[in-house]
Structure formats: structure tokens, C-alpha cells
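Heads up: the structure comes next, in C-alpha cells.
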Protein chains: 2
Amino acid sequence: MQEIETKRRYSKQRECILNALRQTKRHPSASSIYDEVRKEIPNISLGTVYRNLSELSTGGEILKIDAGDGTERYDGCAEPHYHMICRCCHSVSDIDVPYLKDLDKQVEKISGADIAFHSVLFSGTCERCKNN
Amino acid sequence: MQEIETKRRYSKQRECILNALRQTKRHPSASSIYDEVRKEIPNISLGTVYRNLSELSTGGEILKIDAGDGTERYDGCAEPHYHMICRCCHSVSDIDVPYLKDLDKQVEKISGADIAFHSVLFSGTCERCKNN
DNA sequence: ATGCAAATAGTAATTATTACTGTTTATAGT
DNA sequence: ACTATAAACAGTAATAATTACTATTTGCAT
């Protein structure tokens, strides 16, 4: 199954969005990325941010994370990995445990489905919030 | 840590919502639960559905699942378990593998956070869609 | 340099969800 | 059974995140 070949053109906006994402360890929402890139391109449109984020994410260059709190977050690191969201401050952080690829195979067997990947979201109280 | 004691009163609406959820193996969204319970209580309000769903879910009687497609889904089975969403038909199904409770402990150690639980969402093509 | 489609800015529309308000109703105390 | 009280309600308005639309700009192949 080949992806549809779309000739993508360079755009200052997309480059700036990608840079902003790669320069942070946070997992910003679309609107905070918007705030960030506006420092560089003051009249960039929020729609442009959304369009590029979803394009980059379907292109596999970034990761889209469902934070479970009603906002999508984005991750400049596209390698599959797990996340945690703090129930207190709603920050999203990377969790450095190996991706359980066996789990996908196991689930394929028992469910009959094709599994592309899985995501794990830990929920709890982050170290900072724990110590007030 | 004790939950705040709220004296809850019976309501036909809440009972009907809970029954609707428990009678299905699907994982309906708020609006499809609304459609369902309207067969029984035609003038029920959508706000009532949302209010009861979030109350039942914080009360631990049902599960709220982030489908990763912009809608929250609800599960009448409150035991923690994993789910799969089909990228084709967007149906959510239960995945019958044991909950990895060791993972929570492991993550607590390496992250310093308090982990309450984790959720796993498999993404792929369900058996039905696979066979068109 | 020119033409064309991709990408954009700005705005409007949509969707899911929450908040508000005046009315109804479950239930505890008489 | 009667009454008072606050939980729950229906109906509607408001909010928030995201997507769609449109006329204009721009990257890039010829």
C-alpha cells in the first residue's frame, strides 16, 4: 500500500512550526505552538498551524498525542513512545520504557484485527506536583 | 484521602443512561447514548446525559474512554481494560489482555511520579473492515 | 519570466462539551 | 400525608477546539 504522492512545497510557516516542536521537550497544544511561532511570524494563521500539524503528523514527522483532557498535544519526536499526563498540572511528559511490540502481535492474534501501533497514557501526579 | 460525600438521589434519567450503557458491548459516545435513552425518555436533555455520564464516571461506575478521534466514549464495564479503535469504521472494542499493573510500578520508579493507572489504545483495522 | 497549483491569512462554520436558569422532583423530617 | 430543601432536570446559551471556506500569495517547474 503506497501513500499518495503529494508534491509538498517548502513553506517558512511549516519549517518554523517544526522547529518550534523540535526545540522543546514539552508537548504543546496547537494553540501554544501558535503562540510560539507568532514570535517569529506574527501574522501566521491558527488554521495554518493546525493544517501543518496534521500534515506533519500524517507524514510521520511528528507525533499527535491525545492527552485525554480534551486537547491534542504534539511531539517533535516521532518514535513511538509512551506518555504520562499529570492530573494536577496537565503537563505531558515522555515515559522512557521500551515500546511493547509483542503486545501488538498478541492482540492481532486474539482479536483478528490488524494492529498498526498502540499508545499508552499513564495518568497520575507528576513529581513536581507531588511535592507541591 | 476520602471522597467528598455527596448524597445522590435517584433519577429515572440516570438509571436509564446506566442501563443503556450496560446493555451494549459497543462503546457509545454521549450523543449516541442520548439517541438511545430518548427512546425511553423522549424529552431528556443532552446536558443531563453529559452530567450523568461524568458523574457516573468519576463515581467509578462506568469508564470514560478517549477514542483518540475527538470524541469521548463510555464503557459500562468499569474494570480497567484496554481498547482498540478501528481507523476505518471508528468502532471501539474491548481488548482482552490482562492489565499490566507492573508497568505502573515500573514507571513510578523511573519517573518519580505517582501513577494512578494507565490506558492502552490499540489502533488498526478491525476484523470486519479488514474483510471489507 | 510565466503559469499553476500549493500554501497562506483571515474569517466563518462546525462539533463536542460545559454553564446557566428557572422549574420539577426525590427524600428527610415533621 | 404534608412540607421544606436541595438535587436533578429541561431547555437554552456559551465556550473551546478544530475544520472549512475563499480570495490572495508564493514556491517552483517549465
Side-chain angles (χ1 to χ4, degrees), chain A residues 3-21 27-59 61-75 85 90 92, chain B residues 3-21 27-59 61-75 85 90 92:
Chain A
E3 294 286 304
I4 299 130
E5 190 70 23
T6 46
K7 51 183 145 186
R8 188 149 86 181
R9 293 199 305 204
Y10 170 84
S11 96
K12 177 163 55 96
Q13 289 85 346
R14 180 163 47 244
E15 186 183 48
C16 187
I17 289 164
L18 191 52
N19 282 343
L21 253 180
H27 299 72
S29 65
S31 96
S32 57
I33 293 165
Y34 177 55
D35 292 341
E36 187 60 32
V37 296
R38 270 208 289 186
K39 294 174 187 168
E40 195 83 13
I41 307 169
N43 71 327
I44 194 171
S45 168
L46 182 57
T48 297
V49 174
Y50 272 106
R51 181 167 24 75
N52 279 299
L53 284 173
S54 69
E55 196 169 309
L56 289 166
S57 122
T58 54
E61 289 156 272
I62 65 171
L63 232 56
K64 191 176 184 176
I65 310 159
D66 210 303
D69 71 339
T71 57
E72 297 289 339
R73 308 297 187 84
Y74 296 89
D75 192 329
I85 181 162
H90 298 100
V92 174
Chain B
E3 293 286 305
I4 298 129
E5 190 68 24
T6 46
K7 51 184 146 183
R8 188 149 85 182
R9 294 202 304 207
Y10 170 83
S11 95
K12 178 163 54 97
Q13 289 84 347
R14 180 164 46 245
E15 185 182 49
C16 186
I17 289 164
L18 192 51
N19 281 344
L21 253 180
H27 298 72
S29 64
S31 97
S32 58
I33 294 165
Y34 177 55
D35 292 341
E36 188 59 32
V37 295
R38 271 209 288 186
K39 293 174 188 169
E40 196 82 13
I41 308 169
N43 69 328
I44 194 172
S45 168
L46 181 56
T48 296
V49 174
Y50 272 105
R51 180 167 24 76
N52 279 298
L53 284 173
S54 68
E55 195 169 310
L56 289 166
S57 121
T58 54
E61 290 156 90
I62 64 171
L63 231 57
K64 191 176 184 175
I65 310 158
D66 209 305
D69 72 339
T71 58
E72 297 288 339
R73 307 297 186 84
Y74 297 88
D75 192 330
I85 182 161
H90 299 100
V92 174

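Just so it is clear: chains get the letters A, B, ... in the order the sequence lines come, proteins before strands, and each one is counted from 1. Hydrogens, waters and symmetry mates play no part in the numbers below; they use all other heavy atoms, side chains included.
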May I have the distance from [X] (atom [atom1]) to [N] (atom [atom2]), rounded to whole angstrom?
| X | N | atom1 | atom2 | result |
| --- | --- | --- | --- | --- |
| A:Y34 | D:dT18 | OH | P | 14 Å |
| A:D66 | D:dA17 | CG | P | 14 Å |
| B:I65 | C:dA16 | CD1 | C1' | 17 Å |
| B:K12 | D:dA10 | NZ | C1' | 12 Å |
| B:R73 | C:dA16 | CZ | C1' | 13 Å |
| A:L53 | D:dA17 | CG | C1' | 13 Å |
| A:L46 | D:dC21 | CG | P | 17 Å |
| B:N43 | D:dC9 | CG | P | 12 Å |

B:R73-B:T71 side chain donor-acceptor pair, cut-off 3.5 Å: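 Per modelled atom types, B:R73 and B:T71 side chains form a pair under 3.5 Å.
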What's the closest nucleotide to the side chain of [X] if the choices are [options]?
| X | options | result |
| --- | --- | --- |
| A:R51 | C:dT8, D:dA8, D:dA10 | C:dT8 |
| B:I41 | C:dA9, C:dT17, D:dA10 | D:dA10 |
| B:E72 | C:dA9, C:dT17, D:dG27 | C:dT17 |

Got a second to check how far [X]'s [atom1] is from [Y]'s [atom2], nearest 0.5 Å?
| X | Y | atom1 | atom2 | answer |
| --- | --- | --- | --- | --- |
| A:S54 | A:E72 | OG | CD | 10.5 Å |
| A:L53 | A:Y74 | CG | OH | 5.0 Å |
| B:D35 | B:I44 | CG | CD1 | 11.5 Å |
| A:Q13 | A:N52 | CD | CG | 7.5 Å |

Interface polar pairs with nucleotides 2-6 of chain D, N/O, under 3.5 angstrom:
from  : atom 1 : to   : atom 2 : distance (Å)
D:dA6 : N3     : B:R9 : NH1    : 3.3

Taking only side-chain N and O atoms of [X], does any of them lie within less than 4.0 angstrom of OP1 or OP2 on [N]?
| X | N | result |
| --- | --- | --- |
| B:T48 | D:dA10 | yes |
| A:S11 | C:dT8 | yes |
| A:Y50 | D:dT18 | yes |
| A:R14 | C:dA7 | yes |
| A:N52 | C:dT8 | yes |
| B:Q13 | C:dT25 | no |

Within 45° cone of A:Y10 ring axis and under 6.0 Å: A:R14 NZ or CZ: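 No, cation not above the ring by the 6.0 Å, 45° rule.
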Touch class at under 4.0 angstrom, heavy-atom based, for A:I44 against every strand present: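 The answer is sugar-phosphate, as A:I44 gets under 4.0 Å only of primed atoms, P, OP1 or OP2.
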Earlier contact from the 5' end, DNA chain C, for A:G47 and B:T71: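 This one resolves to A:G47.
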Within 6.0 angstrom of A:E61 CD, more than 12 heavy atoms from elsewhere: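 More than 12 within 6.0 Å, yes.
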Closest contact, heavy atoms only, A:A30 versus A:V49: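 Scanning both residues, the minimum pair turns out to be O-CG1, 3.7 Å.
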